[in-house]
Number of protein chains: 2
Amino acid sequence: MTNDLKESFSGSAGAPPAPAALAAKVRTLAPSMTRSMQRVAEAVAGDPAGCAALTVTGLAELTGTSEATVVRTARLLGYPGYRDLRLALAGLAAQQQSGRAPAVTADIAVDDPIADVVAKLAYDEQQTLADTAAALDTVQLGAAVSVLAAARRIDIYGVGASSLVGQDLAQKLLRIGLIAHAHTDPHLAVTNAVQLRSGDAAVAITHSGSTGDVIEPLRVAFDRGATTIAITGRPDGPISQYADHLLTTSTARESELRPAAMSSRTSQLLVVDCLFIGIAQRTYETAAPALSASYEALAHRHNPRTR
Amino acid sequence: MTNDLKESFSGSAGAPPAPAALAAKVRTLAPSMTRSMQRVAEAVAGDPAGCAALTVTGLAELTGTSEATVVRTARLLGYPGYRDLRLALAGLAAQQQSGRAPAVTADIAVDDPIADVVAKLAYDEQQTLADTAAALDTVQLGAAVSVLAAARRIDIYGVGASSLVGQDLAQKLLRIGLIAHAHTDPHLAVTNAVQLRSGDAAVAITHSGSTGDVIEPLRVAFDRGATTIAITGRPDGPISQYADHLLTTSTARESELRPAAMSSRTSQLLVVDCLFIGIAQRTYETAAPALSASYEALAHRHNPRTR
DNA sequence: GTCACTCTTGAAAGATATTTTCGCGCCGTC
DNA sequence: GACGGCGCGAAAATATCTTTCAAGAGTGAC
C-alpha cells in the first residue's frame, strides 16, 4: 500500500516527461531518493550521452546497483520506465552537443573579485529561471490560474524568505482587482484559514515543503473545502498532501555563501509571475483597466521633474 | 553472399552513426532501398519525434511492413539496429524542438497559451538579469559593499514593489549579523533617518528614481551625514542628488500585461544579492558562522520526516 | 542494549521488445 | 513456361526491460 501510494504520487506529479529539465529534476528530487537511486540519478545527470548508450544492466553495473533500482529511478524522474528515460537522455545529449557548452560555473569563492560575483550570480539565477521554466508543469499551472481567477478570496501563506514572495503575489493580485491577502503570522494565518470555504483559494509557499507554520494553515484551508495550491521545491514534502494543485520550483545547488533561499526565491517569483500573467489574461476585461488605474493612482507620488 | 556484401558495405560506409544528417542520408540511400524500406525511411525522416515514440512493431505497422524490414532499414542507415536508430531519432527530435524555441521574443499577448507565457517570462527575466549584470558599475558596487560592511547600522527605504526588495536585503543582512532595518512607512522612515549620523548607512530602492516617499528619508539621512546608497533604474532621477553611491538597475521593456515592476524587481534583487555576497565575503569571519547558525535555528521548524 | 519495525535493495522470474532465421512468393530471364 | 534470385514477412531466438519477492540494513522505541 505504502509502495503504491508513493509510486502513483511521484508518477502523477511529474506527469509530462521532462524534455530538457532533467538536471533540474534530479536536483529537485534528489533529497527524496534513496542512496542507490541518487547514485543512478547522479550518473544520469552527469553524463547523459554516456548513459544513453547503456542498457539497464549496463547502467546498473556502472553505478554498482541493480536493474530494479535503475528502473525505480527512471520512474521517480517521471518516466514510465527506463526505456523512456533513455530516449530523453539521448535527446538531452543531442541538445547539449548542438547548443552551447554546459558551462558548469564554479562556486562563488570568498576571494572572488566583485565583478566575478556579479557574473556568477547573474548566471546562476539565469540557470535557475531556465530550469524552473522547463520543469514547471503547465497543466498544474493552468489549473491553478483557473482556480485563482475564479476564487472569491485568496489567502497566501509564507514565512521567512517565502513571505516576501507571498506578499509580492498578493500585491499583484490586488492590483488586478482580486481579493488576496498574504499572511506572515502563522497564528493569524490559521485563524483566517478557518473562515475559508469552497470557492475560496489558499496558496502556500515554502521551499522546503515541510515548514510547519505554512503547512498548518494550508491544511485547515484544505479541510474547510477551499481549493489549495502549494508552491514548493519539494513536491514530495508533507505539504503536498494538502495541495489540490502543486507547482514545483526548481532548486539550484547552493554553496556556503549562497544560501538556498536565494535561488529558491528566484524560482518562486517566476512561478508567481506566471500565475499573475495567466490570471490577468483570463480576467483581461477587468484586469487591464485595474492595472492602468493603479498606475494612474501612483503617478502623483512620483516627482514629475526628472531633471 | 550478396546480402552480406551489401550489409557490410553500407555498414562500414556510415561507420559513425549519423547525428542530425539523417534526412540527407535517407535521400542519399533511398535509391538503393527496396520499396518497403523506402516507406520506413520516409516515415522516419518525415516525423522523427513520432517515430522515436514507436517500437519496432509499431513502426512496422505504421508503415505497413514487418519488423524485419524496419531493422534492415536501420542497418542500412548505419545503425547497429533499430534501438540505436530510435535513440538517434529522439536526439534529432529534441534538437529540432529546441531550435524552434527561440521565437519567444514577442510580447506576451492576451491569448498566449500558458506554456508560452512561462517561456516568454523566463526569457525576459533572463534578459533582464544579463542586462543588469552587464550594466552594473562594479566600482560603485564595491564601494557600496565597503560602506555597508562597515556601517554601524543600516536603514533601508522602499515602497510598493521595492519595499519587498528592501525587506529581502534587510533579512539577508540581519542573517549575517549586521544591524539593518527596512522601512516601509514613509513617516517612520523619515523619523528614523533623523537618528542617523556619520558611520551609518542608508539604502534607498526605487525604480523610478523619483518616488517622494523614498527620496525624503534618503535626503534626511544624507543631510545627517550618513553614507547613502541608491538603487534605481533612473540614475538621472532626483534621488541621485542625495546618493553617495549609485547602483543602476536596468529596465526591460514592459507591456500591458507585464508591468515594469516585474522586471525592475528582478533587476533590483540581483543587485541586492550582489551586495549581500560582497558583504558576506568581506565579513566572512563573522558572516559564515552567523549563516550556519541561522540555518540551524530554523531546522526544528521543519517537519523532520521528509521521506 | 535489544527488539520490532520499516524501508531499501538486488536476484531472479516474468513480460516486452528487438534481432535473427527461414521460407514463401513475386519478378525477370532464358 | 521453367528457373534463379530477391524482397518480404511470420515466427523463433535472443536481448532488454519490468515486476516480484525475500533478505538485509537502518532506525526508533522501550
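Residue numbers begin at 1 in each chain, while the letters A, B, ... track the order of the sequences.
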For this session: With heavy atoms under 4.0 Å as the rule, sort B:G58 into base, sugar-phosphate or nothing.
Result: nothing
Exercise. Taking only side-chain nitrogens and oxygens of B:S66, does any of them come within less than 4.0 Å of OP1 or OP2 of D:dC8?
Worked result: no
Exercise. Below 4.0 angstrom, N of the basic side chain to O of the carboxylate: do A:E125 and A:R265 qualify?
Worked result: yes
Problem set entry | Nearest heavy atoms of A:L129 and B:Q126, plus distance in Å | CD1-N, 3.7 Å
For this session: Determine whether A:Y157 and A:D155 make a side-chain contact, defined as any pair of heavy atoms from C-beta on separated by less than 4.5 Å.
Result: yes
Seminar exercise, completed: note: A:M37, atom CE; C:dC7, atom C1'; distance rounded to Å ~ 12 Å
Exercise. Quick one: is D:dC8 close enough that its OP1 or OP2 comes under 4.0 Å of any side-chain N or O from B:T65?
Worked result: no
Seminar exercise, completed: From CD of B:E61 across to P of D:dG9 the rounded distance in Å is 12 Å
Problem set entry | Separation of atom CG in B:L76 from atom P in D:dG7, rounded to whole Å | 11 Å
Problem set entry | pair A:L29-A:P235: side-chain heavy atoms closer than 4.5 Å | yes
Side-chain donor-acceptor contacts of residues 52-65 of chain B below 3.5 Å, not counting sequence neighbours, with atom names and distances?
unit_1: B:T55; atom_1: OG1; unit_2: B:T57; atom_2: N; d: 3.4
unit_1: B:T55; atom_1: OG1; unit_2: B:G58; atom_2: N; d: 3.1
unit_1: B:T63; atom_1: OG1; unit_2: B:L59; atom_2: O; d: 2.9
unit_1: B:T63; atom_1: OG1; unit_2: B:A60; atom_2: O; d: 3.2
unit_1: B:T63; atom_1: OG1; unit_2: B:T65; atom_2: OG1; d: 2.9

Exercise. Is A:E216 salt-bridged to A:R219, cutoff N-O under 4.0 Å?
Worked result: yes
For this session: Send over the distance from A:R39 CZ to C:dT8 P, rounded to a whole Å.
Result: 14 Å
For this session: Could you check how far CZ of A:R35 sits from P of D:dG26, rounded to whole Å?
Result: 6 Å
Give every pair of a protein N or O atom and an N or O atom of nucleotides 18-24 of chain C that lie under 3.5 Å apart, one pair per line with the distance.
unit_1: C:dT18; atom_1: OP1; unit_2: B:R86; atom_2: NH1; d: 3.2
unit_1: C:dT18; atom_1: OP2; unit_2: B:V56; atom_2: N; d: 2.6
unit_1: C:dT19; atom_1: OP1; unit_2: B:Y82; atom_2: N; d: 3.3
unit_1: C:dT19; atom_1: OP2; unit_2: B:Y82; atom_2: N; d: 2.8
unit_1: C:dT20; atom_1: OP2; unit_2: B:R75; atom_2: NH1; d: 2.8
unit_1: C:dT20; atom_1: OP2; unit_2: B:R75; atom_2: NH2; d: 2.3

